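See below for the structure under consideration.
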Amino acid sequence: MGKIIEVKDLTFHYPDQKEPLFDQLSLSIERGQWVAIIGHNGSGKSTLVRIIDGLLAPQAGTIFVDGMPVTPENIWQIREKIGMVFQNPDNQFVSADVEGDVAFGMENLGLDRDVMKYRVDQALRKVNMEDFKGHDPSRLSGGQKQRVAIAGVLTLRPDVIIFDEATSMLDPEGRQDIIKLMTKLHKKGYTLISITHNIDEAAMADRVCVIDDGKIAADSSPAEIFAQEKELIAMGLDVPYSERLKDELLHNGIEVPHEYLTEKGMVDWLCKLHSKN
């Protein structure tokens, strides 16, 4: 597939910091991969994706997007390849109706009106919001607002979509709604980067990177990462519900599988256990 994002020896610190936030951090992401980046508050997760998108400039190191270095000269070409979905969708709305809001990014590119209309309709269908074209975005639910924000990103035809804590302000139903949409987009071939505190969201990714003390502390499959329960807790991170449930069962004298189980895997195992009894 090939690398679509490559970060080499990244060093970055904010002006008021004595110590660097990142100290020679390196990371590469394959085309079509879903990578979840987790870490405690202040670890630099959101800063990292802003550097990748060219919103922040590092003190040292190089970043490549689809083989192109991120520099001031080609920053707009880079941003055509990357779409960003932020934590608070209300901050992204600029129009009085959903259709106008989804079209806003294309208007800035000066695209033909017929092209814009086609892309808006196509994007709203992808996020199951085609019946809300004339609605006021501010009156939608949190999950619906994020779907509209994602539709706006999709109209720009990016190769990479970054979800920067995009589910953190949603209720459980809205969160699951967006995670399902992320899974759908991943299956369609988009490269996804999700910055998240939600461990169950991270468990859906192909790969989980843990940032701690300015470096990649761990980088592996969700199964391997979440099996390291003690290490994650020591870094101030949570573990998936299925792992917490396994601990409770173990404390109650029930033998549990050693390997990591997703929630579905845990349900399947519990059903088999129940049938034996």
Side-chain angles (χ1 to χ4, degrees), residues 2-31 33-88 91-92 149 153 156 158-169 190-199 201-202 205-220 225 228 231-232 234-238:
K3 296 182 180 69
I4 192 163
I5 290 175
E6 194 165 9
V7 178
K8 294 183 177 180
D9 300 324
L10 174 68
T11 297
F12 177 85
H13 62 81
Y14 287 103
D16 57 346
Q17 285 183 319
K18 293 181 181 179
E19 298 295 325
L21 182 60
F22 299 127
D23 185 12
Q24 295 190 312
L25 180 147
S26 294
L27 172 72
S28 63
I29 295 173
E30 298 290 317
R31 186 181 297 277
Q33 200 171 46
W34 180 355
V35 177
I37 300 177
I38 64 175
H40 60 77
N41 286 333
S43 62
K45 304 182 298 295
S46 292
T47 299
L48 176 60
V49 293
R50 282 163 169 73
I51 292 170
I52 291 172
D53 193 42
L55 294 170
L56 294 171
Q59 279 74 41
T62 53
I63 299 99
F64 294 88
V65 175
D66 201 15
M68 187 184 306
V70 178
T71 62
E73 292 74 28
N74 60 21
I75 194 63
W76 294 110
Q77 291 171 278
I78 295 294
R79 288 180 185 163
E80 286 178 7
K81 297 178 180 292
I82 298 176
M84 294 273 283
V85 182
F86 295 98
Q87 184 179 51
N88 189 347
N91 294 340
Q92 294 176 255
V153 166
L156 301 176
D159 297 310
V160 180
I161 304 178
I162 297 173
F163 293 86
D164 188 4
E165 301 280 9
T167 65
S168 65
M169 296 183 68
Y190 287 97
T191 303
L192 304 186
I193 303 174
S194 54
I195 306 300
T196 183
H197 281 100
N198 187 278
I199 297 301
E201 175 186 331
D206 299 318
R207 180 175 151 211
V208 177
C209 294
V210 183
I211 297 182
D212 189 51
D213 289 334
K215 296 186 182 297
I216 303 293
D219 182 354
S220 192
I225 293 294
Q228 302 172 40
E231 290 86 348
L232 291 174
M235 287 187 279
L237 298 172
D238 200 359

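Values below: every heavy atom of this structure, side chains too, minus hydrogens, waters and symmetry copies. For clarity, every value in this text was computed on a predicted model and none was experimentally measured.
- Across every non-hydrogen atom of His197 and Asn41, the tightest pair is NE2-OD1, 2.8 Å.
- Atoms CG and NE2, on Leu232 and His40 in that order, are 12.0 Å from each other to the nearest 0.5 Å.
- Residues satisfying the salt bridge (charged side-chain N to carboxylate O under 4.0 Å, His left out) criterion with Arg50, sequence neighbours excluded, are Asp164.
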Between Ile211 and Ile216, does the side chain to side chain contact (heavy atoms under 4.5 Å, CB included) criterion hold? Intermediate values first, please.
CA-CA 5 Å; Ile211 297 182; Ile216 303 293; 4.0 Å; yes

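- When atom types are taken as modelled, the side chain of Gln59 and the backbone of His13 share a donor-acceptor pair closer than 3.5 angstrom.
- Contact detail for Pro158 and Gly83: the closest heavy-atom pair is CB-N, 3.6 Å.
- Here CD1 of Ile162 is found 8.5 Å from CG of Leu48. Values are rounded to the nearest 0.5 Å.
- Looking only at side-chain heavy atoms (C-beta outward), Arg79 and Leu55 come within less than 4.5 Å of each other.
- The closest side-chain heavy-atom distance from Ile225 to Arg207 is not below 4.5 Å.
- Here the rule is side chain to side chain contact (heavy atoms under 4.5 Å, CB included) with Pro58, and of Ile63, Val70, Thr11 only Ile63 fits it.
- Interatomic distance, Ile38 CD1 to Asn198 CG, rounded to the nearest 0.5 Å: 10.5 Å.
- Residue Ile5 holds its CD1 atom at 9.5 Å from CG of Asp66, rounded to the nearest 0.5 Å.
- More than 12 heavy-atom neighbours from other residues, nucleotides or ligands sit within 6.0 angstrom of NZ on Lys215.
- Once rounded to the nearest 0.5 Å, the distance linking NZ of Lys3 with CZ of Arg31 reads 12.5 Å.
- At least one donor-acceptor pair under 3.5 Å links the side chain of Lys45 to the backbone N or O of Gly39.
- Going from atom CD of Glu30 over to atom CD of Glu6 covers 9.0 Å, rounded to the nearest 0.5 Å.
- Proximity of Val153 to Met84: side-chain heavy atoms (C-beta onward) are nowhere separated by under 4.5 Å.
- The shortest side-chain heavy-atom distance between Phe163 and Thr196 does not fall under the 4.5 Å cut-off.
- Taking 4.5 Å as the limit, some side-chain heavy atom of Cys209 sits within range of a side-chain heavy atom of Val35.
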Could you pull out all donor-acceptor pairs under 3.5 Å where a side-chain atom in residues 14-27 meets a protein atom, sequence neighbours excluded?
{"unit_1": "Tyr14", "atom_1": "OH", "unit_2": "Thr47", "atom_2": "OG1", "d": "2.7"}
{"unit_1": "Gln17", "atom_1": "OE1", "unit_2": "Tyr14", "atom_2": "N", "d": "2.9"}
{"unit_1": "Ser26", "atom_1": "OG", "unit_2": "Asp9", "atom_2": "N", "d": "3.0"}

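- Lys81 has its side chain out of reach of Val160: every pair of non-hydrogen atoms, C-beta onward, lies at least 4.5 Å apart.
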